[in-house]
Amino acid sequence: MADTVRLMHYDPRWPQEFEQTRSGILHSCLGWVIDVQHIGSTAIGGMISRPVLDVVAAVRDDDDAQQAIAESIDMIEGLNFRRVATPMWAAEAIVLCKPRSGEPTHRVFLTYLDSPFYRSSIAVRDALRRDRELSLRFEETKVARWRQGAGQPQRYADDKSVFFAHLIEHHGG
């Protein structure tokens, strides 16, 4: 992880970057991954964000789920991703970052379709897209926490997690 968190204004290229990432994952995973969604701040138009594209990729939760996860990890790694430690708040997911070395530009959270992580990620994203006042409060909180913590990655993540817990409690699906 970087020495400091970097935030930037919304980049209108992020939706296109997501579509390319989505297409690559769906094509390379040969039907194992059945849904790919853009999540996180880069999925919210106009929001100040870390310049890391967050994606949730889901496999069916059926008898082949373990094989689907294993196959998908290998195939996503073939797209210049590396597996990284899963943060506690995403315990139901396997996390892969791109590029293989250096500061991440993309994160894929690989999980099961309809897992609590999948549902809450989509619900929070949709709530922030739907409610401009809520998204502005989230953005203000995020920027304030970033300033207070001088961009320290762990402090930023810890501080932001309190607001995320509130969002999940009220909009988490």
Would you tell me whether R13 and Q16 have side-chain atoms, one donor and one acceptor, within less than 3.5 Å of each other?
no

So, for [X] and [Y], which heavy atoms are closest and what is the spacing to 0.1 Å?
X    : Y    : result
M47  : S135 : CE-O, 3.4 Å
P104 : R82  : CG-NH2, 4.2 Å
V33  : S72  : CG2-OG, 3.4 Å
T42  : I39  : OG1-O, 4.0 Å
A65  : Y112 : CB-CE2, 3.3 Å
F117 : V56  : CE2-CG2, 4.1 Å

Assess whether atom [atom1] of [X] is packed by more than 12 heavy atoms of other residues, nucleotides or ligands within 6.0 Å.
X   : atom1 : value
Q20 : CD    : yes
D62 : CG    : yes
M8  : CE    : yes

Where the side chain of [X] meets the backbone of [Y], is there a donor-acceptor pair that is under 3.5 Å apart?
X    : Y    : answer
T111 : Y118 : no
R22  : V55  : no
R83  : E77  : no
T105 : P51  : no
S28  : I76  : no
T141 : R137 : yes
R129 : I44  : no

Honestly curious: do [X] and [Y] fall in one hydrophobic cluster under the side-chain, below-4.5 Å linking rule?
X    : Y    : answer
I25  : L53  : yes
V84  : W89  : yes
W14  : V52  : no
F138 : V124 : yes
L26  : L79  : yes

Mind checking the CZ-CG spacing from R60 to L113? Nearest 0.5 Å is all I need.
8.0 Å

To the nearest 0.5 Å, what is the distance between CH2 on W32 and CD1 on I73?
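Atom-to-atom, W32:CH2 and I73:CD1 are 13.0 Å apart.
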
Start with the C-alpha distance between F18 and V36, add both sets of side-chain angles, then the distance that settles side-chain contact (heavy atoms from CB on, under 4.5 Å), and finish with yes or no.
CA-CA 9 Å; F18 163 71; V36 179; 3.9 Å; yes

Exactly one of E139, R125, K142 should register a side-chain hydrogen bond (donor to acceptor under 3.5 Å, both in side chains) with S41. Which one does?
K142

